[in-house]
Amino acid sequence: MTYVDTSDISAQMFIAVLLFLLVIAPLISLGVLRLFQSRKKSGLTLIGLGIAVYVIFQISTLFLDT
């Protein structure tokens with residue numbers, strides 16, 4: 001059995017993955033589910049929120065790197 005060395009993962013990468021798994025992915029997947037349920041307004045709103053959170057995160061990482 002081999003072990004994965006996670007000591008090289010930066011804090012920013014950890015936060016990025018955490019944010020993706022806890023916020024962005026559920027919003028988009030719930031939006032797709034709503035679209036399959038023929039709830040277009042709710043589905044598009046959830047997908048839009050997921051994209052908005054992603055854009056906000058990308059903008060914030062630009063300012064954190066400088």
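All of these numbers come straight from a predicted model, not from anything done at the bench. The basis for the numbers below is simple: all heavy atoms, side chains too, and nothing from hydrogens, waters or symmetry mates.
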### Task
List the steps, then state whether side-chain contact (heavy atoms from CB on, under 4.5 Å) holds for I47 with V32.
CA-CA 7 Å; I47 291 173; V32 171; 4.3 Å; yes

### From K41 atom NZ to L35 atom CG, the distance as rounded to the nearest 0.5 Å
14.0 Å

### Task
Find the distance between OG1 (T45) and CZ (R34) and round it off to the nearest 0.5 Å.
10.5 Å

### Query
According to a 4.5 Å side-chain heavy-atom criterion applied to Ile, Leu, Val, Met, Phe, Trp and Tyr, with indirect links allowed, do I56 and I51 form part of one hydrophobic cluster?
no

### Task
For S42 and L46, run side-chain contact (heavy atoms from CB on, under 4.5 Å): C-alpha distance rounded to whole Å, both residues' side-chain angles, the deciding distance at 0.1 Å, then the answer.
CA-CA 6 Å; S42 175; L46 287 169; 4.3 Å; yes

